[in-house]
J.: 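Sharing a structure with you now.
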There are 2 protein chains.
Amino acid sequence: MIENTKWTGQEAACPIAPVVDIVFSRWTTPILWALHQHGRLRFVELERRVATITPKVLTQRLRQLERDGLVLRTYHPEVPPRVEYEITELGRSLAPVFATLTEWGAAHLHEVERARRDHDDAREPLDQRTYARRS
Amino acid sequence: MIENTKWTGQEAACPIAPVVDIVFSRWTTPILWALHQHGRLRFVELERRVATITPKVLTQRLRQLERDGLVLRTYHPEVPPRVEYEITELGRSLAPVFATLTEWGAAHLHEVERARRDHDDAREPLDQRTYARRS
DNA sequence: CTGTATCCAACGGGATACTG
DNA sequence: CAGTATCCCGTTGGATACAG
């Protein structure tokens, strides 16, 4: 069950690897963000806010987040059934991480975009010999 | 070529999604970390430090990082050829992000591990009816 | 509504061999 | 050394359809 892509002996080489695995595995960021914004959401509400996710995958990721203690699932035995998801205190403790990320994006995202344009424009010139040619 | 998994209209819903795509796509973290620690590394040195990565994948990720302006590649036309990779100023600007991540890990990683143990131990009890049974 | 079960396609990535 | 070229397999995730 996923079970951490083997960072065996890699934690020492890259101490943040375990954290990245937990917080930035696919779909977790938009899910946590949605739950961070609105305090408590039902399954369909989450489905709408994440928009492109399918119910199967949403379930998988929610189970993972629940297991990691970042999200709390509350089941209401009614008809029709109602389930609510909310971010936990541990999940909220990620706020500084997200804040730093937001700040970096605001300050440097345009630099990345410019680097990409420069790189893509600069391809084809004569210095291409430092790379092997494709095709 | 990867070309950002469509966050079309998703940036608004999750503003940090683009940043996550750039910084936390697979393998980029250990690579950036290695280059952050030691200022300048050759291909094989990187290969050794990341350890479990194959040359093909390492090349792919380095190209991506170079295109995003996070890593600088320097080709020395010698025999045998020598190529050096180093982190750019833009790459170094990620330091606060990594620092926040490190702090969070130090403070809360054990909580995640405890949550996992609790969750795994608690499965099988009677409340399993809130989930569908498998098999 | 809140999921689960199946089938399937796409892609990342490993193994291996080879080039300049 | 610094990659590239193939082949190929496992996992992720989309599309349906269906259940409690």
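Nothing here was measured: the structure is a model prediction, and the numbers come from that model. By convention in this document, chain letters (A, B, ...) are assigned in the order of the sequence lines, proteins followed by strands, and residues within each chain are numbered from 1.
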J.: Does E47(B) have any side chain to side chain donor-acceptor pair (under 3.5 Å) partners at least two apart in sequence or in another chain, and if so, which?
T.: none
J.: Closest heavy-atom contact between T88(A) and L72(A)?
T.: CG2-N, 3.7 Å
J.: To the nearest 0.5 Å, tell me how far L46(B) CG sits from E84(B) CD.
T.: 10.5 Å
J.: Can you tell me the distance, in whole Å, between the CZ atom of R82(B) and the P atom of dA2(D)?
T.: 9 Å
J.: Between dG3(D) atom P and L62(B) atom CG, what is the distance in whole Å?
T.: 8 Å
J.: I need the CZ-P distance between F43(A) and dG3(C), as an integer number of Å.
T.: 6 Å
J.: Output the rounded distance in Å from CD (E47(A)) to C1' (dT2(C)).
T.: 9 Å
J.: Rounded to whole angstrom units, what separation is found between the CZ atom of R63(A) and the C1' atom of dT2(C)?
T.: 9 Å
J.: So if I apply the salt bridge (charged side-chain N to carboxylate O under 4.0 Å, His left out) rule between R67(B) and each of D118(A), D120(A), D121(A), which one comes out positive?
T.: D120(A)
J.: Indicate if L109(A) and V97(A) have the same hydrophobic cluster label, given that clusters are the connected sets of ILVMFWY residues with side-chain heavy-atom separations under 4.5 angstrom.
T.: yes
J.: Using the test ring pair (Phe, Tyr, Trp, His ring centres under 6.0 Å), find all partners of F24(B) that sit at least two apart in sequence or belong to another chain.
T.: F24(A)
J.: Tell me yes or no: between the side chains of T28(B) and Q64(B), is some donor less than 3.5 Å from an acceptor?
T.: no
J.: Look at the side-chain N and O atoms of Y85(B) and state whether any lies under 4.0 Å from the OP1 or OP2 oxygen of dG3(D).
T.: yes
J.: Starting at CD of E78(A) and ending at P of dC1(C), how long is that distance when rounded to a whole Å?
T.: 14 Å
J.: Could you tell me, to 10°, how much the axis swings from one end of the helix from dC1(C)-dG20(D) to dG20(C)-dC1(D) to the other, five pairs per end?
T.: 50°
J.: Taking only distance into account, with no hydrogens and no angle test, what donor-acceptor pairs under 3.5 Å do side-chain atoms of residues 99-107 of chain B form with protein atoms, sequence neighbours excluded?
T.:
from    : atom 1 : to      : atom 2 : distance (Å)
T100(B) : OG1    : T100(A) : OG1    : 3.1
T100(B) : OG1    : P96(B)  : O      : 2.7
T102(B) : OG1    : F98(B)  : O      : 2.8
W104(B) : NE1    : S93(A)  : O      : 3.4
W104(B) : NE1    : S93(A)  : OG     : 2.9

J.: Can you tell me which residue pairs pass the ring pair (Phe, Tyr, Trp, His ring centres under 6.0 Å) test with a partner in residues 43-65 of chain A, sequence neighbours excluded?
T.: none
J.: Rounding to a whole Å, what distance do you find between L46(B):CG and dA2(D):C1'?
T.: 12 Å
J.: For nucleotides 13-17 of chain C, tabulate all protein N/O to nucleotide N/O atom pairs closer than 3.5 Å, reporting atom names and distance.
T.:
from    : atom 1 : to     : atom 2 : distance (Å)
dG13(C) : OP1    : R26(B) : NE     : 2.9
dG13(C) : OP2    : R61(B) : NH1    : 2.8
dG13(C) : N7     : K56(B) : NZ     : 3.4
dG14(C) : OP2    : T54(B) : OG1    : 3.4
dG14(C) : O6     : K56(B) : NZ     : 2.4

J.: So if I take every side-chain heavy atom of R73(A) and compare against dA2(D), dG3(C), dG3(D), which nucleotide ends up nearest?
T.: dG3(C)
J.: Without decimals, in angstroms, what is the distance between L58(A) CG and dT12(D) P?
T.: 17 Å
